[in-house]
Amino acid sequence: MDEKYFAQKIERKWQQRWAERRTFEAEIVDDKEKFYCLEMLPYPSGILHMGHVRNYSIGDVLSWYKRLQGFNVLHPIGWDSFGQPAEQAAIKKGVNPRDWTEENIKIMTEQLKSLGLSYDWSREIAAHRPEYYKFDQWFFLKMLEMGLAYRKDSEVNWCPKCETTLSNEQASGGVCWRCGTQVEKQTRPQWFLRITKYADELLNDMSGIEDGWAERVLTMQRNWINKSVGANIKFQIANFKYRSEELAEEKVSFIEVFTTRIDTIYGVNALVVSPDHPFILEEFGVFPDEVKSKIEAIRVEQAKPKDYDDEIIKDGIDTGMKAVNPFSGGEIPVWVGNYVMMSYGTGAVMSVPGHDERDFEFARKFDLPIKQVIEPQSHRNGEEEVQPQINTDKNGLEKDSDKSQITEAFTEKGVLMNSGDWSGKLSQRAIREMTKFAESEGFGEGSTTYRLRDWGISRQRFWGSPIPIIYCDACGAVPVKFENLPVELPESAPFTGVGESPLAKVPEFVNTNCPKCGEKAKRETDTMDTFVDSSWYYFRYCDPHNSEMPFDSEIINYWMPVDQYIGGIDHAVMHLLYTRFWTKVCNELGLVDFVEPAKRLLTQGMVVTESFYSNKNESYVAAEDVKIERDKSGKVTGAKLKFDGSDVKIAVEKMGKSKLNGIDPNDMISIYGADSVRIFSMFAAPVENELVWLETGIEGAVRFIQRVWRYVFKWTTENEKWKMPESDSEIGFSADAKKLRQKTHQTISRITENFESGQFNTPVAALMELSNAMYDFKVEPETANDGDLFAVREACECLILMLTPYAPHVAEELWEAVSGSDAGILESNAKFPIADAEVAKETEVEIVVQVNGKVRSRVEVSADISKDELEQTALADERIIEYIDGRNIVKVIVVPGRLVNIVVR
RNA sequence: GCUUGGGUGGCGGAAUUGGUAGACGCACAGGACUUAAAAUCCUGUGUCCCUUGUGGACGUGCGGGUUCGACCCCCGCCCUAAGCACCA
């Protein structure tokens, strides 16, 4: 038996054993409760980074904890292996994306295994392998059948020089990433998935997962979907101005607006429409030149990528046309405004400056009339009398109003005023009734709008799942037959980075026959968005080798839904929304019997570290070139460059190559061992917080492991007496042994509570406390009696089992020492310890005695002392007598087990 | 601007959700062991004050409030992170 802790040796040993014994392979066991623990699958970049380490350590801790509690745990891993980096590597280095990807998977598999993560590797999947993407295509065809997949024209980023489409990342800053050419928009037909059909379900089903998902994630999704309930209202065009009457009659004669505040319609001073509004496009030819050029300018300005910091100044132009307010009959001008988007609602708004901030700003800028039609409810209740701020004539427009009186829009709901027969009604009621009225009169209807757009999945890329569609001159877009799936990617393609997608340049792939008529036809050369792969990968883990179906329903309904999903907050919207959508589709297909894929979601914080910036060199410098200066107390006062002593700025930032502060997990593992890396990454911060990776911190984890190691081997090595006595009932325990046992059982209950509430940093602290208590127990193996031995053995066993989730290698090694068997923790059926409340119970407790809320004394009392007795004891305390001397006791508050507060005057 | 988090020693963070603020770790200081160093083991460590004590005052971003008692609840600010952003 080793006396010295040598991480690398035992880690290799146990990783091998786990693999040989297939310790973590999961099977359906009907009478065992299942637990599906899932972490977001990595992209195989070839480099494991600290974010991965953190993500997977969290999942591994939880998996081990659940296993030790007797759950049937599914803990799989796989690869999100389609995507751009592989294709870029192909373009830049001329490698085959498949080889590049497989090589990276090999490298990263080794790295993950060296962390000792308890994955069921037999279920490993990779998105780029045909046996997986076959079912991307299967789902696509199913959605086509269901009417959920459709094709329509849509814009893509286009580089005119490279003649290729670009992703948003490749087009960042509005220029091509390869050649710097100004990026243009190009319209081409693309495939979409109708996620908008599920907008309401995606919102409503949140109620079923609220408890397990972070509020901020759900809020972000809610904002993304952004549902608005309101009405569409038609405003008739009264005057085309630049057209003859006869011509005008042939044209569409109204503009439809979307509003959530129909109750403010008597306050409309203008219609404001988007420069891209169909009505504007149609009428464009007749506008005078100055109007034309202004609209054009607004359109160009609006299309520009927006800078977040810049406040966009309202701009617009009066088209000269007039529309009629269907409620008041008043005539209002039609403007084009830069603040109205064609992509939301109807692309036209009714401008109500008195009750909408944007409209207010617009009206102010162009000196348009502002009219108040809603007043705060309290004003009517007579709590506060106010004069109507604006006088209006019978056309509903203002007269002689002093504009300076209105300084801001009143945007809340209230009571209608200046609104004809509707005046006096409450907003809520008016909205209902006015919508109904508009419907009955035929100029409007209730309407709901979402910001959520359908999901465009077409990518003009090679390295993705081919969309299983064939274009035939006679039959149009024809789906590939199910039995002909998968549509496989060719072995290779010309990767130039310019021109069409590489796939379009492979004739063997493109040319085929129409499945319907058999005539010559061409395949779709677009591939699917990689978010398709990640929308259902964890369904596949449940049944990874099924070649007929994406998965078997019975199997999926055993394992799913996921009990705990763990990943980065960066996926809060896209991935997590898409995968929720996918689940609902599967449910509708009858494949699964649930509608939400994950019961609980944990979003972990980023891993950041110190970076050093040299002002003199105007560049980041590596940590080893920096000398950190501290004052006497250890506070960091500054940093200097080692070579020349010039000042260096310290900042805590995200890790990155360019910042020279990236920390390679491999280096950490080879220096400190996987167990220490895991302990530190869990201990240093709560999982949802940012984790600041400081090299000195990890040494604390190593020290802790070594302390435990030394303690266990001190007691087990060459100790004949190291065997468990039959039962503890006949054993006498010294006061110290009792204290140790108490600490052991208190630690168990603390840690169990922490795990159940998703706290993973505090259990490490509790384990450290327990190990400190073990060192405080001053009995040596040679002089230990049965009771001492029992207490030590119990402490060791419990400590090891509770340490297992964090440091499984060390725990297995120590378990071998205390149990005397090499069976392994799970194989020997060891369970997570259960606290014995009797043993954990404090017999003597220290009670704080306060006078007027300030701690003045402490008394030692028996834990089960009565309230009255406790009060008497406190009042009898010498120090307390001194304090209350001569003063009146007003009240005594007794909190059993905690404190006594004596209120005196 | 809106939404959602967060603000506690030199640092990362604890605090049974209204009951001893600062657990645990890092860093720092002192000591033991050692020829020496590393490792290890003890001790101390929120700030200030004094008569050095189971001493006093202050102390959880700021200002108020509720309460016997507030890091925790309420009101008003400030700062900060993330997301969204002219969404009608």
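Each chain gets a letter, A, B and so on, in the order the sequences are listed, and its residues count up from 1.
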Asks: Can you identify which nucleotide, out of rC86(B), rU20(B), rA27(B), has its nearest atom closest to the Thr696(A) side chain?
Replies: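 It is rA27(B).
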Asks: With P as the reference atom in both, quote the distance from rG56(B) to rG22(B) in angstrom, rounded to an integer.
Replies: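 Those two atoms are separated by 16 Å.
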Asks: Which is true for Asn338(A) with a 4.0 Å heavy-atom rule: it touches a base, it touches only sugar-phosphate, or it touches nothing?
Replies: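 If one applies the 4.0 Å heavy-atom cut-off, Asn338(A) turns out to touch a base.
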Asks: Can you tell me how far P in rG9(B) sits from the matching atom in rG59(B), rounded to whole Å?
Replies: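 It comes out at 14 Å once rounded to the nearest Å.
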Asks: Within this structure, what is the CZ-to-P distance between Arg261(A) and rC86(B), rounded to whole angstrom?
Replies: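 Nearest whole value for this atom pair: 20 Å.
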Asks: Can you tell me how far C1' of rG12(B) sits from CG of Asn689(A), to the nearest Å?
Replies: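 So the CG-C1' distance, Asn689(A) to rG12(B), works out to 10 Å.
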Asks: Pick the nucleotide of RNA chain B nearest each of Leu899(A) and Gly700(A); which residue has the one closer to the 5' end?
Replies: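 Here Leu899(A) is the residue nearer the 5' end.
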Asks: May I have the distance from Leu694(A) (atom CG) to rG13(B) (atom P), rounded to whole angstrom?
Replies: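 Whole-Å distance recorded here is 10 Å.
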Asks: Looking at rU3(B), does its base get a donor-acceptor pair with the side chain of Arg222(A) below 3.5 Å?
Replies: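 Such a pair does not exist between side chain and base.
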Asks: Whole angstroms only, please: what is the CG-C1' distance between Asp776(A) and rC41(B)?
Replies: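 The distance from CG of Asp776(A) to C1' of rC41(B) comes to 12 Å, rounded to the nearest Å.
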Asks: Students often get this wrong, so: under 4.0 angstrom with heavy atoms, is Val349(A) touching a base, only sugar-phosphate, or nothing?
Replies: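 Base: the residue Val349(A), judged by heavy atoms under 4.0 Å, touches a nucleobase.
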Asks: Go nucleotide by nucleotide along RNA chain B from the 5' end; which of Glu357(A) and Val692(A) gets its closest nucleotide reached first?
Replies: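 Result of the comparison: Glu357(A).
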Asks: Determine the interatomic distance between P on rA23(B) and the same-named atom on rG13(B); round to the nearest Å.
Replies: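 Between the two P atoms, the distance is 15 Å.
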Asks: Between Tyr775(A) and Arg707(A), is there a cation-pi geometry (under 6.0 Å to ring centre, at most 45° from the normal)?
Replies: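 Arg707(A) over Tyr775(A) ring: yes.
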Asks: Would you check if there is a donor-acceptor pair between the side chains of Tyr266(A) and Asn325(A) at a distance under 3.5 Å?
Replies: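 No, no side-chain donor-acceptor pair sits under 3.5 Å.
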Asks: Donor-acceptor pair under 3.5 Å: do we get one between Arg710(A)'s side chain and the base of rU40(B)?
Replies: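 Answer no: no donor N or O sits under 3.5 Å from an acceptor.
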Asks: Report which part of the nucleic acid Arg856(A) touches: base, sugar-phosphate, or nothing (heavy-atom distance under 4.0 Å, all strands).
Replies: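 The residue Arg856(A) makes sugar-phosphate contact but no base contact.
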Asks: Return the minimal non-hydrogen interatomic distance between Val900(A) and Ala874(A), and the atom names on each side.
Replies: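 In terms of heavy atoms, the two residues are closest at CG1-CB, 3.8 Å.
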Asks: Could you tell me the separation between the CD atom of Gln850(A) and the P atom of rU20(B), rounded to a whole number of Å?
Replies: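 Between P of rU20(B) and CD of Gln850(A): 8 Å.
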Asks: Taking the P atom in each of rA21(B) and rC72(B), what is the distance between them to the nearest angstrom?
Replies: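 About 14 Å, rounded to a whole number of Å.
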Asks: Which of the following nucleotides, rA88(B), rG12(B), rA21(B), is nearest to the side chain of Ala685(A)?
Replies: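 Taking heavy atoms from C-beta onward, the closest nucleotide is rG12(B).
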Asks: Can you tell which of rC68(B), rG56(B), rG12(B) lies closest to the side chain of Arg879(A)?
Replies: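 Closest nucleotide among those given: rG56(B).
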Asks: Side chains of Glu753(A) and Gln759(A): do they bring a donor and an acceptor to under 3.5 Å?
Replies: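 Looking only at side-chain atoms, Gln759(A) and Glu753(A) do not form any donor-acceptor pair under 3.5 Å.
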Asks: Which value, in whole Å, describes the distance between the C1' atoms of nucleotides rU20(B) and rG25(B)?
Replies: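 Roughly 22 Å separates the two C1' atoms.
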Asks: Please check if the distance between the ring centroids of Phe254(A) and Phe235(A) is under 6.0 Å.
Replies: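 No; Phe235(A) has its ring centre 6.0 Å or more from that of Phe254(A).
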Asks: Ignoring hydrogens and angles, state whether a donor on the side chain of Glu695(A) or Tyr672(A) is under 3.5 Å from an acceptor on the partner side chain.
Replies: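 There is such a pair between these side chains.
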Asks: Salt-bridge test for Lys294(A) and Asp315(A): reply yes if a basic N is under 4.0 Å from a carboxylate O, no otherwise.
Replies: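 Yes, Lys294(A) and Asp315(A) are salt-bridged.
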Asks: Under 4.0 Å from OP1 or OP2 of rA14(B): is there any side-chain N or O of Asn761(A) that close?
Replies: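 Checking Asn761(A) against rA14(B): at least one side-chain N or O falls below 4.0 Å of OP1 or OP2.
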Asks: For Asn901(A), report the nucleic acid contact type (base, sugar-phosphate, nothing); a contact means any heavy atom under 4.0 Å.
Replies: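 Here Asn901(A) touches the bases of the nucleic acid.
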Asks: Determine the Euclidean distance between corresponding C1' atoms of rU17(B) and rA70(B); express it in Å to zero decimal places.
Replies: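 Straight-line distance between the two C1' atoms is 12 Å.
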Asks: For a quick check of understanding: with a heavy-atom distance under 4.0 Å over all strands, which category does Val895(A) fall into, base, sugar-phosphate or nothing?
Replies: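 Base contact - Val895(A) has a heavy atom under 4.0 Å of at least one base atom.
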Asks: Would you say Asn772(A) places a side-chain N or O within less than 4.0 Å of OP1 or OP2 belonging to rG25(B)?
Replies: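 Yes, Asn772(A) has a side-chain N/O under 4.0 Å of OP1/OP2 on rG25(B).
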Asks: Please, what dot-bracket string fits RNA chain B when only Watson-Crick and G-U pairs with both distances under 3.5 Å count, crossing ones use [ ] and pairs to another strand use |?
Replies: (((((((..(((......[....))).(((((.......))))).(((((..).))))..(((((..]....))))))))))))....
Asks: Counting side-chain heavy atoms from C-beta on, which of rG25(B), rC86(B), rA27(B) comes nearest to Phe683(A)?
Replies: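 For Phe683(A), the side-chain atoms sit closest to rG25(B).
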Asks: Have a look at Gln759(A) and say if it touches a base, only the backbone sugar-phosphate, or nothing, with a 4.0 Å heavy-atom cut-off.
Replies: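 Gln759(A): backbone/sugar contact only, no base atoms under 4.0 Å.
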Asks: In whole angstrom, give the distance that lies between atom CG of Asn223(A) and atom P of rA85(B).
Replies: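 Taking CG of Asn223(A) and P of rA85(B), I get 9 Å after rounding.
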Asks: Can the positive tip of Lys234(A) be found less than 6.0 Å from the middle of the six-membered ring of Phe443(A), inside 45° of the ring normal?
Replies: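 No.
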Asks: Which part of the nucleic acid does Glu688(A) contact within heavy-atom distance under 4.0 Å: base, sugar-phosphate only, or nothing?
Replies: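 The residue Glu688(A) makes no contact with any strand.
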Asks: Reckon Val217(A) touches a base, only the sugar-phosphate, or nothing at all at heavy-atom distances under 4.0 Å?
Replies: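 Touches nothing.
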Asks: Write down the distance between NZ (Lys854(A)) and C1' (rU20(B)), rounded to a whole number of angstrom.
Replies: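 Result: 14 Å.
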Asks: With the threshold set at 4.0 Å, does a side-chain nitrogen-carboxylate oxygen contact exist between Glu688(A) and Arg216(A)?
Replies: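 Arg216(A) and Glu688(A): not salt-bridged.
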Asks: Is rG5(B) in the syn or the anti form, by the rule that syn lies within 90° of 0?
Replies: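 rG5(B): anti.
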Asks: Taking OP1 and OP2 of rU40(B), is either one under 4.0 Å from a side-chain nitrogen or oxygen of Lys4(A)?
Replies: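 Looking at the OP1 and OP2 atoms of rU40(B), neither is under 4.0 Å from any side-chain N or O of Lys4(A).
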Asks: Determine whether the side chains of Ser228(A) and Tyr344(A) contain a donor N or O and an acceptor N or O closer than 3.5 Å.
Replies: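 Short answer, yes.
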Asks: Taking O4'-C1'-N9-C4 for purines and O4'-C1'-N1-C2 for pyrimidines, is rU40(B) syn (within 90° of 0) or anti?
Replies: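 Anti.
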Asks: Can you tell which of rG13(B), rC41(B), rU16(B) lies closest to the side chain of Arg898(A)?
Replies: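 Within the option list, the nearest is rU16(B).
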Asks: For the side chain of Met768(A), starting at C-beta, report the closest nucleotide among rG25(B), rC26(B), rC86(B).
Replies: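 Per side-chain heavy atoms of Met768(A), the pick is rG25(B).
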Asks: If we take the P atom in both rU67(B) and rA29(B), what is their distance in whole Å?
Replies: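 One P to the other, the span is 49 Å.
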Asks: Does the distance from a Lys or Arg side-chain N to an Asp or Glu carboxylate O, for Lys743(A) and Asp776(A), drop under 4.0 Å?
Replies: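 Asp776(A) and Lys743(A): not salt-bridged.
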Asks: Taking rC62(B) as the reference, what is the distance to rU54(B) when you measure between their P atoms (whole Å, please)?
Replies: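 It works out to 32 Å between them.
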Asks: Between rC86(B), rG13(B), rA21(B), spot the one nearest the side chain of Tyr339(A), thanks.
Replies: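 Given the options rC86(B), rG13(B), rA21(B), the side chain of Tyr339(A) is closest to rC86(B).
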Asks: Over how many whole Å does the gap from Glu215(A) atom CD to rG6(B) atom C1' extend?
Replies: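 Glu215(A) atom CD is separated from rG6(B) atom C1' by 15 Å.
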Asks: I want to verify a distance call: between rA85(B), rA15(B), rC86(B), whose nearest atom is closest to the Arg451(A) side chain?
Replies: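 In terms of side-chain proximity for Arg451(A), the closest of rA85(B), rA15(B), rC86(B) is rA85(B).
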Asks: Given rC84(B), is OP1 or OP2 found less than 4.0 Å from the side-chain N or O atoms of Thr219(A)?
Replies: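 Looking at the OP1 and OP2 atoms of rC84(B), neither is under 4.0 Å from any side-chain N or O of Thr219(A).
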Asks: Taking the side chain of Arg858(A) as heavy atoms from C-beta outward, which of rU40(B), rC68(B), rU20(B) is closest to it?
Replies: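 Within the option list, the nearest is rU20(B).
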Asks: Base, sugar-phosphate, or nothing for Arg703(A), non-hydrogen atoms under 4.0 angstrom?
Replies: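 Answer is sugar-phosphate: Arg703(A) comes under 4.0 Å of backbone atoms only.
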